[in-house]
K.L.:
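Dropping a structure here in structure tokens format, bear with me for questions.
Below, chains carry the letters A, B, ... as their sequence lines are ordered, and counting in each starts from 1. FYI, side chains are in, hydrogens and waters are out, and symmetry mates aren't considered; it's all heavy atoms of this structure.
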Protein chains: 2
Amino acid sequence: MATKRAQMMEETRAKLVRAAREAFATKGYAAASMDDITADAGLTRGALYHNFGGKKGLLQAVVDQIDAEMVARLIAAQERAPSPWEGLLAEGVTYIEMALEPEVQRIMLLDGPAVLGDPSQWPNQNACLLRTTQTIQALIDEGTVKPVDAEAAARLINGAALNAALWIAAADEPRAVLPKAVEAFRQLAAGLLQTER
Amino acid sequence: MATKRAQMMEETRAKLVRAAREAFATKGYAAASMDDITADAGLTRGALYHNFGGKKGLLQAVVDQIDAEMVARLIAAQERAPSPWEGLLAEGVTYIEMALEPEVQRIMLLDGPAVLGDPSQWPNQNACLLRTTQTIQALIDEGTVKPVDAEAAARLINGAALNAALWIAAADEPRAVLPKAVEAFRQLAAGLLQTER
DNA sequence: TCAATACGCATACGGTTCGTATGTGAAAAA
DNA sequence: TTTTTCACATACGAACCGTATGCGTATTGA
């Protein structure tokens with residue numbers, strides 16, 4: 001039986017994460033006070049410290065939640081593609097598109113790395129990167145991609161997409177810049193393809 | 001005549017920037033207190049507010065200084081290369097190497113963007129990226145590189161190099177993965193080259 | 001069913017940091 | 001020399017964070 005206490009605790013955690021996600025996205029991590037967040041969730045800082053250990057722990061929880069959502073969307077985009085190679089490109093493009101959302105930009109691309117450190121160390125980010133690495137390795141095995149180090153290629157691809165995302169998010173006209181970024185991304189990625197045809 | 005007051009002021013600004021650069025690099029922006037920084041420079045917060053307007057202004061000054069140094073190194077690396085295209089690759093490798101330095105990583109890649117916003121919108125419009133953009137534009141004009149958007153390409157190239165650097169920095173054996181990263185970087189960048197042969 | 005315990009969360013307090021408002025002494029102007 | 005300017009120091013109040021402690025309800029055991 002799921003104890004009633006556990007249910008309550010899960011509920012308060014959800015409320016705190018929801019309020020924090022909202023506050024971090026709009027004000028940024030540093031400017032968002034724990035008093036405001038907890039009050040917004042109908043609680044106090046006591047609950048926050050008990051459940052997450054502190055402000056950083058709460059950010060970690062928010063990051064994990066968003067990260068999981070992003071990974072799900074990346075997988076969906078890849079599976080929708082007609083070929084593994086197109087799947088890799090679709091993944092990158094999806095990643096770029098997600099950065100149009102202020103929430104992703106602020107929490108995942110700016111405050112997250114600054115407060116929590118290297119994103120590639122985040123649990124779900126590792127899974128995402130690992131999957132990209134495997135995809136590239138498969139493309140290497142089938143001869144579509146040059147025999148480079150799969151992990152290195154995956155990290156560079158991800159990094160390129162990430163910076164394109166940051167660029168778009170900060171641009172005056174995101175919708176106008178998006179196609180440029182996507183085109184440049186496809187060109188860059190093409191560098192991994194076997195040259196002969 | 002350069003008034004004595006102006007000389008004094010320039011001196012105190014230099015001392016503050018020096019102390020701040022040290023503190024930001026080691027403790028990070030958020031954890032570095034203004035009292036510590038100013039005391040370390042033999043001053044008080046009064047001088048800081050008078051000269052830089054606040055903590056963010058001081059960070060901006062530090063960022064501008066480091067940015068200028070980075071550009072100088074990028075230019076030097078590019079001029080040392082045998083061809084414009086090799087110059088671009090040399091820039092990327094140099095960028096990777098610079099990102100391995102904790103100071104650059106902490107201030108320019110993590111705290112800077114988080115506190116000041118996207119680098120391309122910094123008042124001093126980060127010359128680093130501008131430099132790469134110009135290099136790529138030149139390569140496009142001479143026909144070496146495909147006619148993509150120069151800024152987009154520069155962003156992606158920088159992003160790839162940046163992530164490569166973060167990967168290397170977090171690796172168990174940095175010196176072992178460095179060549180892998182450089183090789184993958186060269187392959188990716190080759191995607192920008194004209195295909196005909 | 002009832003007493004005892006566990007524990008999730010609220011409350012209270014001290015310490016640190018930040019921003020502004022005001023004071024001061026030396027350089028510059030008169 | 002007197003007056004003004006201004007670079008910087010000092011003083012004060014407010015906000016925020018982390019820990020220690022208290023309270024009330026859910027859970028456990030007899």
K.L.:
With ring-ring contact (aromatic ring centres under 6.0 Å, His included) as the rule and sequence neighbours excluded, what pairs involving residues 8-27 of chain A come up?
P.N.:
A/Phe24-A/Tyr29
K.L.:
Round to the nearest Å and state the distance from A/His50 atom NE2 to C/dA6 atom C1'.
P.N.:
10 Å
K.L.:
What is the distance, rounded to the nearest whole Å, between atom CG of B/Asn51 and atom P of D/dA7?
P.N.:
8 Å
K.L.:
What pairs meet the ring-ring contact (aromatic ring centres under 6.0 Å, His included) rule with one or both residues in residues 31-59 of chain B, with sequence neighbours excluded?
P.N.:
none
K.L.:
Tabulate atom names and distances for all N/O pairs under 3.5 angstrom spanning the protein and nucleotides 16-18 of chain D.
P.N.:
from: D/dC17; atom 1: OP1; to: A/Lys55; atom 2: NZ; distance (Å): 3.1
from: D/dC17; atom 1: OP2; to: A/Met34; atom 2: N; distance (Å): 3.1
from: D/dG18; atom 1: OP2; to: A/Tyr49; atom 2: OH; distance (Å): 2.2
from: D/dG18; atom 1: O5'; to: A/Tyr49; atom 2: OH; distance (Å): 3.1
from: D/dG18; atom 1: N7; to: A/Arg45; atom 2: NH2; distance (Å): 2.9
from: D/dG18; atom 1: O6; to: A/Arg45; atom 2: NH2; distance (Å): 2.4

K.L.:
Which pair of non-hydrogen atoms, one from A/Val148 and one from A/Ala153, has the smallest distance, and what is that distance?
P.N.:
CG2-CB, 3.9 Å
K.L.:
Under the side-chain hydrogen bond (donor to acceptor under 3.5 Å, both in side chains) definition, can you give me all pairs with a residue in residues 142-159 of chain B, not counting sequence neighbours?
P.N.:
A/Trp167-B/Glu151, A/Gln187-B/Lys146, B/Asp118-B/Arg155, B/Ser120-B/Arg155, B/Glu142-B/Thr144
K.L.:
May I have the distance from B/Met9 (atom CE) to C/dA26 (atom P), rounded to whole angstrom?
P.N.:
19 Å
K.L.:
Taking salt bridge (charged side-chain N to carboxylate O under 4.0 Å, His left out) as the cut-off, I'd like each qualifying pair that reaches into residues 79-89 of chain B, sequence neighbours left out, listed once.
P.N.:
B/Glu86-B/Arg186
K.L.:
Please report the distance, rounded to the nearest Å, between CD1 in A/Ile37 and C1' in D/dA15.
P.N.:
15 Å
K.L.:
Can you check the A/Phe52 CZ to C/dG8 C1' distance for me, whole Å?
P.N.:
13 Å
K.L.:
Please give, in whole Å, the distance from D/dC6 P to B/Leu43 CG?
P.N.:
20 Å
K.L.:
For the helix from C/dT1-D/dA30 to C/dA30-D/dT1, what is the angle between the axes at its two ends, each from 5 pairs, rounded to 10°?
P.N.:
10°
K.L.:
What residues join A/Ile75 in its hydrophobic cluster, counting side-chain heavy atom gaps under 4.5 Å, either direct or through other members?
P.N.:
A/Val71
K.L.:
Got a sec, which pairs hit side-chain hydrogen bond (donor to acceptor under 3.5 Å, both in side chains) with one end in residues 89-110 of chain B, sequence neighbours left out?
P.N.:
B/Arg21-B/Glu103, B/Arg73-B/Glu101, B/Glu91-B/Thr132, B/Glu91-B/Thr135, B/Arg106-B/Asp111
K.L.:
Rounded to whole Å, please give me the gap between CD in B/Gln7 and C1' in D/dC6.
P.N.:
16 Å
K.L.:
About how many Å separate CG of B/Asp67 and CG of B/Leu130, when rounded to the nearest 0.5 Å?
P.N.:
10.0 Å
K.L.:
Would you please name every residue forming a side chain to side chain donor-acceptor pair (under 3.5 Å) with A/Asp141, sequence neighbours left out?
P.N.:
A/Gln137
K.L.:
Among residues at least two apart in sequence or on other chains, which ones pass side chain to side chain contact (heavy atoms under 4.5 Å, CB included) with B/Ser33?
P.N.:
B/Asp35, B/Asp36
K.L.:
What side-chain hydrogen bond (donor to acceptor under 3.5 Å, both in side chains) pairs are there with at least one residue in residues 51-63 of chain A, not counting sequence neighbours?
P.N.:
A/Gln60-A/Asp64
K.L.:
Counting only side-chain nitrogens and oxygens, does B/Thr12 get under 4.0 Å of the OP1 or OP2 atom of D/dC8?
P.N.:
yes
K.L.:
Could you tell me the separation between the CE atom of B/Met8 and the P atom of C/dA27, rounded to a whole number of Å?
P.N.:
8 Å
K.L.:
Polar atom pairs between nucleotides 20-22 of chain D and protein, under 3.5 Å, N or O only, would you list them?
P.N.:
none

